[in-house]
Amino acid sequence: MSMENKCVDMTHYNDYDKLKELMSKSGYKFDFERIDKAYNFALNAHKDQRRVSGLPYILHPTSVACILVGLGMDTDSIIAALLHDVVEDTEYTLEDVTKLFGADIALLIDGLTKLSKIKYSNREEQQAENLRKMLIAMSNDIRVIIIKLADRLHNMRTIECMQEQKRRDKALENMEVYAPIAHRLGITAVKEEMEDLSLRYLDPVGYAEIEEELNNTAHDREEFIASLKEEILERSKDTVPNMSIKGRVKSIHSIYRKTFMKGKTMDEIYDIFAVRVIVDSVIDCYNVLGIIHDIYKPIPNRFKDYISTPKPNMYQSLHTTVINHRGIPFEVQIRTWDMHHTAEYGIAAHWKYKAGVGGKNGDSLDEHLSWVRKMLDIQKEAVDATDIVSTIKTDLNPNEVFVFTPKGDVINLPAGSTVIDLAYTIHSAVGNSMIGAKVDRRIVPIDYQLKTGEIVEILTQKDAQGPKRDWLKIVKTSEARSKIRSWFKKERREENITEGQAEFERELRKYGINIPEDELEEFLSKVNLKIQVNNLQDFYAAIGYGGIHLWKIMPRIRELYQKMYGKQAAEAVPVKPVEQNVRKKVGSGVIVEGMDDVLIKFSRCCNPVPGDEIIGFITRGYGVSIHKCGCTNVPEDISKAEEPKRWVNAHWQQSVKEVFQTSLEIIGMDRTGFLADVSNQLSALHIMIRSLNCRELPDGMAIINVTIDVVDTGHLKSIIARLSGISGITSISRK
Ligand code: MN
């Protein structure tokens, strides 16, 4: 964790003297007399109470006050922090507080007390209600939420003594609600510490791994940053008068997000190390940028100008990622002091400016408040409380979406995730058998991007054909991508085994070799294969993918066969290729480049028809199989395919007069006569129907799969156009 961002560490500032010291050192004006009075009142009110840890209760409000001083908050906030648990946890009432400290303070305390009071049985509902209360409190006085954040933060720092379940609940709520609010209000210091502390309880192992890695590299990193500092200072000393350079390390939570959630290794994260340059003016920022880009090589597309276009939470800085002379990439953040205060303290920085320290960002409070007001407006229109939770969550954390399963489970995905990502998040079996999805009860395309609050149902089918290769381009999460890849690898293995076995058996027949099946494995173990195979399946797969060449091992097999079985292997007799499953088409209408009179089969996975762009694959002994370009079984990049030479160019002969089979998937409302309308329309067009089936989908929809004869793509298009006219149809796609 970046020390710079860490809020005041309570192990050093754990009593009232330390609070006073902090206030004096802060450079801001405080009303010490009123603060004294508040402290003494709270000390007395809590005198018999202890924290779960056994320590005196007063340490908690005092610590919260310390955090607020660190954020630059004012006297009223400090007083409210000291008194924040008095009304809720002691015999004193709000009237007592009003009498002693005035209506303003009482209002803050009331806001804070209300925030923590009501408990609901259902977690979503509870969160919704908490958020609503927070928003109302914020719109009355935004300091309430800043004090609340400090309260949560201190509780999180001292949560060690709580029960495991309670720690996890609190940690989760921080991640889902409080850290995003801190982020939205721009209070980075609180956000980052809160996320790191919460992560420690949510995934202790992951947290420890990253922490250890950071500790192991701490020394190198310090040296690295020191050398960068020196270089940058040396080069800019004449141009930029006042400059502060600090090295910083990404927070553990943000490294975690990138490593565990985006599947990167720590080496692949460019901005684990960052250098932060703080200067006096905006001109200096751009000057420094020029100098940095001159010393180091910038990585393309990594420059971001948040000065001209601030983030929604008012954050401003220039960001760039560069590579030093040793090839180590690092991020540089360049900003002015004003921007720095806003970046660290966000909306809390407002009180500093009010107190006459710092610059001109007077509008920032209004802008932050306008967000709160917008949320409240949405809340007024919202029909039920959970609506507002989803709205707020989207707005708070644009990098994530939260969707619901039909059972009401919440699933959290990176923004831009599709229904496929969701399917694979649930289970790889769900993804592999997925045939479609419904969002809020309506069928959506497979590349549909999810939005927070949507209810998503994944439609699966037992005998689904598995993922399509296109999905790799559609999915957002690395989890889904790797699961799809592994499916293909495994599927290819099965193909390889089938092919390998057929080839091997053909070869054995050719030489008249007959080894009993149950002795085959042992027999092969005696053949020196030069490649690790654990069983017969491995052996066939290896033949299938070309790891074992039969022509190389056959002589040894023949020799061994003779030795073990005492039989002479026959000299090779020509064996005709097996022609099962081949839709033989003499004059199939396809020309394969460089091959005459070749056996053509049309692959079943994509059923190409004239007009489609096609490509051929030279199979082992089965002729050339023709696929549609873009079919899932055609590699995206042929040159990187396992056997690139087997892929050959193919195209249609002119004036093909044959018919081709193709399959359509038609989805529509499941009304009486739906299927009849489809088949009537097809027969009216004189289309030969090869197969037709209809299946009910949940929620009143139905899906029809039909295989028909068509002449070419133009013909197919006109058929689809006619079918689209049938009432209730929502989609027609080619399978
Ligand atoms: Mn508290």
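The chain is numbered in sequence order, starting from 1. Every number for a ligand or one of its atoms is a count from 1 in the order of the listing.
- The atom of Asp85 nearest to the Mn ion (ligand 1) is OD2, with the search restricted to N, O or S atoms.
- A ring-centre distance under 6.0 Å is found for Tyr92 and Phe41.
- Note on Asp151: its N/O/S atom closest to the Mn ion (ligand 1) is OD1.
- Ring geometry for Tyr16 versus Tyr39: interplanar angle under 30°, hence parallel rather than tilted (30 to 60°).
- The distance from the Mn ion (ligand 1) to the nearest N/O/S atom of His60 is under 2.8 Å.
- The aromatic rings of His253 and Tyr256 sit parallel to each other, their planes meeting at less than 30°, with 60° as the upper class boundary.
- A cation-pi contact, defined as under 6.0 Å to the ring centre and within 45° of the axis, is absent between Lys170 and Tyr201.
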